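Right, one structure below, let's go through it.
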There are 2 protein chains.
Amino acid sequence: MTRDGDEECCDMRGMLGFLILFLLSKKPMHGQEIADELGKRRGERPSPGTIYPALKSLKDAGFLSEEEKIGKTIIYNLTPRGMKAFNVAKRRFTKTFLGVLS
Amino acid sequence: MTRDGDEECCDMRGMLGFLILFLLSKKPMHGQEIADELGKRRGERPSPGTIYPALKSLKDAGFLSEEEKIGKTIIYNLTPRGMKAFNVAKRRFTKTFLGVLS
DNA sequence: TTATATATATCGGATATCCTATATAGATAA
DNA sequence: TTATCTATATAGGATATCCGATATATATAA
């Protein structure tokens with residue numbers, strides 16, 4: 001149910017990996033923590049079926065390491081390689097969206 | 001050919017419509033002009049098969065109007081509705097990526 | 001006129017992205 | 001022990017997104 005001023009546009013898919021790298025560049029977090037933070041930011045919380053495959057994919061790429069494991073809870077951290085990848089992506093992001101944030 | 005520090009990550013798909021609305025919120029432009037600007041920003045210029053369907057989709061949604069037509073060149077403009085949609089999306093963008101820039 | 005360059009248009013499909021549904025395992029409470 | 005909650009895991013599939021190939025029309029140059 002969308003009112004007249006609330007036209008939907010631009011669902012901003014494709015940014016999930018970037019956002020995960022960004023969040024982990026601030027501090028190590030576990031999956032649910034990341035999902036919570038994304039929920040606050042985007043207004044929509046990614047489901048387990050979204051967040052865990054994304055984490056696995058980033059881990060397989062060598063961007064994340066499992067820093068600590070408490071029971072079932074896995075705390076992820078950026079690897080040096082992940083940090084580099086994020087910095088490259090951030091530069092691109094900055095250039096691409098220059099001027100959007102007034 | 002990617003060197004070690006240039007690990008690819010996060011291709012930022014899904015932002016094309018948003019970027020088009022952003023560019024047109026600055027000034028009316030035609031398709032190739034938009035493609036040029038995106039090429040400069042992202043480092044990759046969208047092909048005709050990418051940009052024109054995107055423009056059509058935004059036009060069909062009522063976000064764009066054809067301001068002027070010179071020969072084959074169509075200059076697009078945001079409609080009031082497109083402006084509203086962009087502002088909503090921008091608010092979401094800002095909240096989502098808070099802290100990423102610097 | 002003919003050739004070339006530019007701008008737009010669209011189909012069909014490859015791929016990426018994400019979600020639903022489901023499952024498993026550890027922690028904790030009853 | 002049993003039940004419940006939380007965190008993680010993954011298959012399968014729906015959808016979105018984009019690109020290559022191709023076509024058309026206009027303007028311009030030779």
Side-chain angles (χ1 to χ4, degrees), chain A residues 7-24 28-39 41-61 63-77 85 89 92 96, chain B residues 7-24 28-39 41-61 63-77 85 89 92 96:
Chain A
E7 302 302 340
E8 290 291 331
C9 141
C10 322
D11 66 3
M12 301 182 190
R13 282 181 168 225
M15 304 302 289
L16 184 60
F18 179 69
L19 280 166
I20 292 175
L21 293 190
F22 163 63
L23 293 178
L24 291 178
M29 299 170 91
H30 61 92
Q32 290 304 312
E33 219 176 335
I34 292 170
D36 286 345
E37 182 64 22
L38 290 177
R41 286 174 173 264
R42 307 187 313 176
E44 206 167 356
R45 193 193 141 96
S47 73
T50 298
I51 201 77
Y52 292 108
L55 285 169
K56 177 169 164 36
S57 146
L58 291 170
K59 195 181 127 201
D60 290 349
F63 296 156
L64 306 188
S65 64
E66 305 184 356
E67 183 187 82
E68 207 185 348
K69 190 159 177 172
I70 308 167
K72 260 228 133 184
T73 301
I74 299 167
I75 298 179
Y76 285 99
N77 203 1
R92 205 161 97 93
T96 299
Chain B
E7 302 301 340
E8 291 290 330
C9 142
C10 322
D11 68 1
M12 301 182 188
R13 283 182 168 224
M15 304 302 289
L16 185 60
F18 179 69
L19 280 166
I20 292 175
L21 292 190
F22 164 62
L23 292 177
L24 291 178
M29 299 170 92
H30 61 92
Q32 290 304 312
E33 219 175 337
I34 292 169
D36 286 343
E37 182 65 23
L38 290 177
R41 287 175 171 263
R42 307 188 310 176
E44 206 167 356
R45 192 191 142 96
S47 74
T50 298
I51 200 78
Y52 293 108
L55 285 168
K56 177 168 164 40
S57 145
L58 291 170
K59 196 181 125 199
D60 289 350
F63 296 156
L64 306 187
S65 64
E66 304 185 356
E67 183 188 83
E68 207 183 347
K69 190 160 180 173
I70 307 166
K72 259 229 134 184
T73 302
I74 299 167
I75 298 178
Y76 286 97
N77 203 2
R92 203 161 99 93
T96 299

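From a predicted model like this one, the values you see are computed outputs, not experimental measurements. Here is how names work: the chains are called A, B, and so on, in the same order as the sequence lines, proteins then strands, and each is numbered from 1.
- Nearest heavy-atom pair across Glu67(B) and Pro28(B) is OE2-CG, 3.5 Å.
- The CD1-P distance, from Ile51(A) to dT10(D), rounds to 15 Å in whole Å.
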Practice problem: Apply side chain to side chain contact (heavy atoms under 4.5 Å, CB included) to Arg42(A) and Leu19(A), showing your working. | Solution: CA-CA 10 Å; Arg42(A) 307 187 313 176; Leu19(A) 280 166; 4.2 Å; yes

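- In plain terms, the two heavy atoms of Thr73(B) and His30(B) that are nearest each other are CG2-CG, 3.5 Å.
- Atoms CE (Met29(B)) and P (dA7(C)) sit 12 Å apart, rounded to a whole Å.
- Remark: C1' of dA16(C) and CE of Met12(B) are 15 Å apart, rounded to the nearest angstrom.
- Atom P of nucleotide dA7(C) and atom OH of Tyr76(B) are separated by 14 Å, given to the nearest angstrom.
- Toward the 5' end of DNA chain C, the nearer of the two residues Pro53(A) and Thr73(B), judged by each one's closest nucleotide, is Thr73(B).
- Atom C1' of nucleotide dT6(C) and atom NE2 of His30(B) are separated by 10 Å, given to the nearest angstrom.
- For Lys72(B) against dT8(C), a side-chain-to-base donor-acceptor contact under 3.5 Å is present.
- In plain terms, the two heavy atoms of Gly17(A) and Leu58(A) that are nearest each other are O-CD1, 4.0 Å.
- The two residues Arg92(A) and Asp11(B) make their nearest non-hydrogen contact at NH2-O, 3.4 Å.
- Along DNA chain C, the nucleotide nearest Gly71(A) and the nucleotide nearest Arg45(A) are compared for position; the residue whose nucleotide lies closer to the 5' end is Arg45(A).
- The nearest whole Å value for the distance from the CZ atom in Arg42(B) to the C1' atom in dC19(D) is 11 Å.
- The phosphate of dC19(D) (OP1 or OP2) has a side-chain N or O of Thr50(B) nearer than 4.0 angstrom.
- Gly49(A) comes within contact range of at least one nucleobase, with a heavy-atom separation under 4.0 Å.
- Here Leu16(A) lies in heavy-atom contact (under 4.0 Å) with sugar-phosphate atoms only.
- With dA9(D), dC19(D), dC19(C) as the candidates, the nucleotide lying closest to the side chain of Pro46(B) is dC19(D).
- Heavy-atom distances to DNA chain D give each of Asp11(A) and Ile74(A) a nearest nucleotide, and the one nearer the 5′ end belongs to Ile74(A).
- dT15(C) atom P lies 18 Å from atom CZ of Arg13(A), rounded to whole Å.
- Side-chain N/O atoms of Lys56(A) and base N/O atoms of dT10(D) include no donor-acceptor pair closer than 3.5 Å.
- Note: CG (Leu55(B)) to P (dT8(C)) measures 8 Å, nearest angstrom.
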